[in-house]
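As the structure is a prediction and not an experimental result, all values here were calculated from the model. This chain uses plain numbering: 1 for the first residue, then up along the sequence. Only this structure's heavy atoms are used, side chains among them; waters, hydrogens and symmetry mates stay out.
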Amino acid sequence: MRLLFALAAALAISGCAPLTTQSPGEGLSPVNAIADGADKHVMLFGYDVVSYFTEGAPRLGSAAIKSDYKGVTFRFASAADKALFDAAPGKYIPQFGGYCSNGIVYAVPWGGGPDTWKIIDGKLYIFGGQGSMDAFLLDVPRNMALANKYWSEEVNGSNAFVQRSKRLVFRVPHYKSGAELAAEVAARKKN
């Protein structure tokens, strides 16, 4: 029985890392972050958020070229990108904490990789894959309004794990499954 209890406790403690890594609690929270060495809240897997604007492509940042902003570590591919970020961080920080923007339409802070992204009205939006981005782009004004609503009313300042769990059980009224969204995207591409 003690062995079972110790195993359960170890599993519970090891599962806490994402709870704290994605919720630094200093103004940018939750964020799509990982822990890497001494850096406990590295944004977007260490990709240079400025490179999307300056090069039109994601570039992996260097652990040696970084800035800490509101408890989150941003890494850069060059000193020039770091200087741009330091001068105006709000211009470069991904919207919705760097989570999949289409997920935020459903109040679910989840996913979001550095390779699927779009700059809309001068702001960086990250997606969990091409299908998520295609679904979001079906109706940008509607999806942007929903994402902004859920980000400001529920997600911003929350714990990502708790929020995600809540909304995977208690779905938003306009919820659509991945299959439903894929069918809508396919139908739109036919027209």
Side-chain angles (χ1 to χ4, degrees), residues 4-5 7-36 40-47 49 58 70-73 93-118 120 123-189:
L4 184 58
F5 178 77
L7 181 59
L11 285 172
I13 290 170
S14 68
C16 290
L19 290 173
T20 58
T21 300
Q22 295 187 349
S23 298
E26 294 182 35
L28 289 179
S29 195
V31 292
N32 188 1
I34 61 166
D36 184 28
K40 301 303 178 203
H41 310 285
V42 178
M43 175 60 96
L44 203 55
F45 307 98
Y47 276 77
V49 296
K70 294 189 176 183
V72 178
T73 302
I93 294 173
Q95 300 302 292
F96 311 126
Y99 288 106
C100 176
S101 297
N102 198 54
I104 302 301
V105 169
Y106 302 97
V108 179
W110 202 353
D115 297 327
T116 312
W117 57 278
K118 187 151 185 81
I120 302 171
K123 296 180 179 179
L124 176 60
Y125 295 87
I126 302 295
F127 297 92
Q130 189 63 47
S132 292
M133 185 167 78
D134 290 346
F136 188 88
L137 296 176
L138 284 173
D139 189 348
V140 173
R142 173 189 174 273
N143 290 328
M144 196 70 77
L146 286 166
N148 283 318
K149 168 188 167 38
Y150 286 112
W151 181 259
S152 66
E153 292 178 6
E154 287 189 32
V155 181
N156 191 20
S158 73
N159 178 284
F161 179 80
V162 173
Q163 175 66 25
R164 179 170 45 245
S165 300
K166 175 179 93 173
R167 280 305 185 179
L168 289 174
V169 174
F170 302 104
R171 308 238 187 228
V172 296
H174 58 276
Y175 175 79
K176 293 180 183 177
S177 70
E180 290 170 315
L181 290 171
E184 284 185 31
V185 168
R188 178 75 58 90
K189 286 182 178 180

Looking only at heavy atoms, what is the nearest atom pair of [X] and [Y], with distance?
X      : Y      : answer
Phe45  : Pro114 : CD1-CD, 3.9 Å
Val105 : Asn143 : CG2-O, 3.5 Å
Pro30  : Ala160 : CB-CB, 3.7 Å

Test item: [X] and [Y] side chains (from C-beta on) under 4.5 Å apart, heavy atoms:
X      : Y      : value
Asn159 : Gln163 : no
Ser29  : Lys70  : no
His41  : Leu28  : no
Tyr125 : Trp117 : no
Leu138 : Val185 : yes
Phe161 : Ser165 : yes
Leu181 : Asn102 : yes
Glu154 : Arg167 : yes

> Does Lys176 pair with Glu184 as a salt bridge, N-O distance under 4.0 Å?
Replying inline: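 So Lys176 pairs with Glu184 through a salt bridge.
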As an exercise, state the distance from [atom1] of [X] to [atom2] of [Y], rounded to the nearest 0.5 Å.
X      : Y      : atom1 : atom2 : answer
Arg188 : Asp139 : CZ    : CG    : 7.5 Å
Ser158 : Glu153 : OG    : CD    : 13.0 Å
Met43  : Thr73  : CE    : OG1   : 10.5 Å
Gln95  : Asn148 : CD    : CG    : 7.5 Å

> Centroid-to-centroid, Tyr106 to Tyr150, below 6.0 Å?
Replying inline: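 No, ring centres 6.0 Å or more apart.
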Is the side chain of [X] donor-acceptor paired with the backbone N or O of [Y] at a distance under 3.5 Å, no angle test?
X      : Y      : answer
Asn32  : Leu44  : no
Arg164 : Pro109 : yes
Ser101 : Ile126 : yes

>> Is a donor from one side chain sitting under 3.5 angstrom from an acceptor on the other, for Gln130 and Asp134?
In response: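 A donor-acceptor contact under 3.5 Å links the two side chains.
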> After noting the C-alpha distance and the side-chain angles of Phe96 and Val155, does the key distance pass the side-chain contact (heavy atoms from CB on, under 4.5 Å) rule?
Replying inline: CA-CA 9 Å; Phe96 311 126; Val155 181; over 6 Å; no
>> Counting only heavy atoms not in Lys123 (residues, nucleotides, ligands), do more than 12 fall under 6.0 Å from its NZ?
In response: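 At most 12 heavy atoms, drawn from other residues, nucleotides or ligands, come within 6.0 Å of this atom.
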> What do the steps show when you test Phe136 against Ile120 for side-chain contact (heavy atoms from CB on, under 4.5 Å), and what is the final call?
Replying inline: CA-CA 12 Å; Phe136 188 88; Ile120 302 171; 4.2 Å; yes
